[in-house]
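Down below is the structure, laid out as structure tokens.
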Amino acid sequence: MRLSRYFLPVLKETPKEAEIISHQLMLRAGMIKQQAAGSYTWLPLGFKVLNKIVRIIEQEQDRSGAVQLLMPTLQSADLWRESGRYDAYGEEMLRLKDRKEREMLYGPTNEEMITDVFRSYVKSYKDLPLNLYHIQWKFRDEVRPRFGTMRSREFLMKDAYSFDIDRDGAVKAFYRMFVAYLRTFRRMGLTAIPMRADSGPIGGDLSYEFIVLADTGESAVFAHADMVGKPIPGPETDFRGDLEPIIKDWTSLYAATEEMHDAAKFAEVPADKQVSARGIEVGHIFYFGTKYSKPMKATVTGPDGKEVEVQMGSYGIGPSRLVPAIIEAFHDDAGIVWPVSVAPFEAVVINLKVGDAESDAASEKAYAELKAAGIDALYDDRDQGAGGKFATADLVGVPYQLIIGPRGLKEGQVEIKHRKSGERETLPVADAVKRLISLIEPQRLDTI
Ligand code: 5CA
């Protein structure tokens with residue numbers, strides 16, 4: 001992408017309305033624009049990051065055996081009356097009427113609709129297990145939307161729903177999502193700790209939240225220090241095999257959110273291993289049995305010919321919350337420091353003297369070679385001073401800067417700046433692209 005042709009409305013000043021660093025940086029880096037309380041336009045740079053996050057989620061959902069579909073945002077109130085949640089959900093639900101006075105709602109979640117899809121087609125235990133997911137916008141009329149897209153009213157959610165013949169099958173489905181989540185968040189560079197949680201309005205008796213530790217997190221959390229940086233299950237993990245040993249291992253150490261915190265149990269954790277911190281909930285998984293299948297009559301015939309209500313679970317991730325969560329974890333005084341796997345661009349070519357024949361030629365060549373090698377590259381070809389270019393590159397957090405100018409080129413040299421460490425390497429222009437590829441490829445984390 002040529003920056004001269006892109007749309008990157010960066011701000012010089014820190015907007016006053018933004019209380020936390022991720023919100024400030026998303027506004028300053030031209031990633032989002034507020035449209036109303038808790039409602040945002042995703043500008044090109046923000047949208048690019050959001051899409052990279054979505055892509056990782058899709059890959060790991062697919063790996064675990066889940067199948068993607070897409071349900072509408074607007075739902076019929078009648079469907080929600082069947083489960084009894086239309087009245088129970090309260091003011092968080094945005095309710096509306098169409099021209100025929102039919103009551104509708106903007107979906108805050110999709111248990112009812114997916115149960116309706118399921119019961120329309122699936123009739124036999126032979127079609128189970130099944131896990132269907134979609135990535136769709138949701139609306140919750142939050143009392144206090146805040147922190148930008150961290151807690152917004154309109155937000156993107158990946159929601160998956162599992163269907164099984166019995167509790168044993170449903171628990172296995174829960175385990176598959178649990179492992180998929182460990183892999184998903186780590187691929188984004190995050191340490192997300194699974195913690196026992198309260199199931200709230202979704203219901204059910206088994207629920208884990210995946211929490212990223214951050215000082216600005218909305219909930220207090222308590223965990224054993226060894227939960228941080230624990231190695232995740234690798235790509236060889238057999239999702240059709242027995243995942244219980246992995247789950248046992250990941251749930252044996254203490255980790256709980258405030259609502260489920262047990263001070264006496266936490267006291268048993270050695271004092272030097274007690275982590276009491278704040279956290280951001282980036283994912284939440286639930287097992288709730290027949291809570292929806294029973295009232296909505298979602299049944300299948302079992303092996304003995306009898307009708308059984310299916311056992312269900314639901315599994316959410318917030319991609320539009322993950323963007324600020326990752327920024328909370330990775331930033332410095334100059335701006336965002338993206339992990340390569342979710343960076344809007346992997347490298348930026350900075351032409352220090354646009355209009356200088358040699359600088360232009362070397363920059364164009366490097367940019368073309370990076371693109372040809374499959375690197376997601378940005379080319380700062382704006383006719384502007386070097387200071388502003390460096391500041392923009394640092395602010396938007398591109399992991400590697402390839403700096404090309406007439407002075408270096410006289411000696412046949414260019415510079416690579418590592419955004420994270422600040423380290424700079426001077427190297428022959430002919431070697432720069434190869435060097436960048438060797439730095440970037442291992443950090444994509446697409447094979448971990
Ligand atoms: N139906 C279940 C799981 S599919 C459900 O709705 N779960 S949830 O309420 O926990 O939401 C799932 C995820 O969506 C959360 O873990 C969080 O990452 C994200 N999320 C929830 N509310 C918001 C919000 N207001 N703004 C941004 N993200 C949100």
Side-chain angles (χ1 to χ4, degrees), residues 20 22-23 26 32 34 37-40 42 46 50 53-54 57 61 66 68-69 71 73 75 80 83 85 89-94 106-115 131-163 173-174 177-178 180-181 184-185 188 190 192-204 206-212 214 217-219 221 257 259 279-288 291-292 312-326 328:
I20 60 170
S22 57
H23 188 193
M26 285 177 77
I32 52 167
Q34 183 170 357
S39 153
Y40 293 85
W42 287 81
L50 187 64
I53 287 172
V54 162
I57 294 172
Q61 290 292 293
Q68 192 172 21
L69 46 59
M71 292 176 270
T73 52
Q75 306 188 22
W80 284 65
S83 72
R85 273 209 298 185
Y89 213 93
E91 296 210 283
E92 258 193 25
M93 182 186 276
L94 179 67
Y106 194 117
T109 176
N110 281 60
E111 279 79 5
E112 284 78 359
M113 194 178 272
I114 199 74
T115 305
N131 185 323
L132 298 172
Y133 78 97
H134 75 159
I135 298 175
Q136 176 64 290
W137 294 91
K138 305 288 188 286
F139 193 95
R140 291 182 185 173
D141 205 348
E142 301 267 353
V143 193
R144 246 158 74 76
R146 55 182 187 154
F147 303 156
T149 66
M150 187 79 88
R151 178 169 295 282
S152 48
R153 295 200 298 166
E154 188 172 346
F155 61 96
L156 192 59
M157 194 198 285
K158 183 287 297 183
D159 36 329
Y161 302 89
S162 65
F163 302 90
F174 190 86
M177 278 294 123
F178 192 113
Y181 276 36
T184 302
F185 299 124
M188 298 171 193
L190 292 171
I193 305 175
M195 302 195 179
R196 291 232 38 172
D198 186 22
S199 57
I202 308 295
L206 184 57
S207 154
Y208 276 84
E209 283 177 12
F210 286 75
I211 304 277
V212 174
E218 288 190 291
S219 30
V221 296
T257 59
E259 300 89 53
I280 302 167
E281 180 208 312
V282 288
H284 200 160
I285 61 178
F286 306 83
Y287 162 67
F288 44 69
K291 181 172 160 59
Y292 301 92
M312 291 175 60
S314 74
Y315 314 88
I317 294 184
S320 54
R321 172 175 291 179
L322 273 162
V323 179
I326 293 168
E328 289 293 328

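Counting convention: from 1, in listed order, for ligands and their atoms alike. Note that the numbering runs from 1 along the sequence shown for the chain.
- For Phe210 and Phe178, the ring centers sit closer than 6.0 Å to each other.
- Of the heavy atoms in Arg321, only side-chain atoms (C-beta onward) come closer than 4.0 Å to ligand 1.
- For Gly318, a nitrogen or oxygen atom sits less than 3.5 Å from a nitrogen or oxygen atom of ligand 1, counting backbone and side chain alike.
- In this view, Tyr315 satisfies the ring pair (Phe, Tyr, Trp, His ring centres under 6.0 Å) rule with no residue, not counting sequence neighbours.
- Residue-level proximity to ligand 1 for Glu142 is carried by the side chain, the only part with a heavy atom below 4.0 angstrom.
- Only the side chain of Arg140 comes within 4.0 Å of ligand 1, counting heavy atoms alone; its backbone N, CA, C and O stay farther away.
- The shortest N/O to N/O separation between Lys158 and ligand 1 does not fall below 3.5 Å.
- Residue Arg153 does not touch ligand 1, judged by heavy-atom distances below 4.0 Å.
- Atoms of ligand 1 lying under 4.0 Å from at least one heavy atom of Asp159, given by number and element, are 4 (S).
- The distance from ligand 1 to the heavy atoms of Ser314 drops below 4.0 Å at these ligand atoms: 1 (N), 2 (C), 3 (C), 4 (S).
- Taking a cut-off of under 4.0 Å to the non-hydrogen atoms of Gly316, the atoms of ligand 1 that pass are 3 (C), 4 (S), 12 (C).
- Looking only at side-chain heavy atoms (C-beta outward), Ile114 and Leu69 come within less than 4.5 Å of each other.
- Taking every heavy atom of Glu111 and a limit of under 4.0 angstrom, the matching atoms of ligand 1 come to 1 (N), 2 (C).
- Salt bridge absent: Glu111 and Lys291 never bring a charged side-chain N and a carboxylate O closer than 4.0 Å.
- Atoms of ligand 1 found under 4.0 Å from any heavy atom of Met150, numbered from 1 in the order shown, are 26 (N), 27 (C).
- Atoms of ligand 1 lying under 4.0 Å from any heavy atom of Ser152, numbered from 1 in the order shown and given with element: 24 (C), 25 (N), 26 (N).
- At a heavy-atom cutoff of 4.0 Å, ligand 1 is contacted by both the backbone and the side chain of Glu281.
- Two residues are said to be in side-chain contact when any heavy atoms from C-beta on lie closer than 4.5 Å; Val212 and Glu328 fail this criterion.
- Here is the list of ligand 1 atoms found below 4.0 Å of a heavy atom in His284: 10 (O), 16 (O).
- For Ala66, the side-chain contact (heavy atoms from CB on, under 4.5 Å) criterion is met by Gln61, Ser64, Asn131, Tyr133, Met177, not counting sequence neighbours.
- With contacts defined as side-chain heavy-atom distances shorter than 4.5 Å, the pair Leu190/Leu322 qualifies.
- In this structure, Leu50 and Ser320 have side chains that are in contact, with non-hydrogen atoms separated by less than 4.5 Å.
- Residue contact annotation: Lys138 has no non-hydrogen atom under 4.0 Å from ligand 1.
- Note on ligand 1: Phe286 sits in its first shell, one or more heavy atoms being nearer than 4.0 Å.
- Ring orientation note: the planes of Trp42 and Trp137 are tilted relative to one another, at an angle of 30° to 60°.
- Using a 4.5 Å cut-off on side-chain heavy atoms (C-beta onward), Glu218 and Arg146 make contact.
- Residue Thr109 touches ligand 1 through its side chain alone, judged by heavy-atom distances below 4.0 Å.
- Residues Thr109 and Arg85 have side chains in contact (heavy-atom distance under 4.5 Å, counting atoms from C-beta outward).
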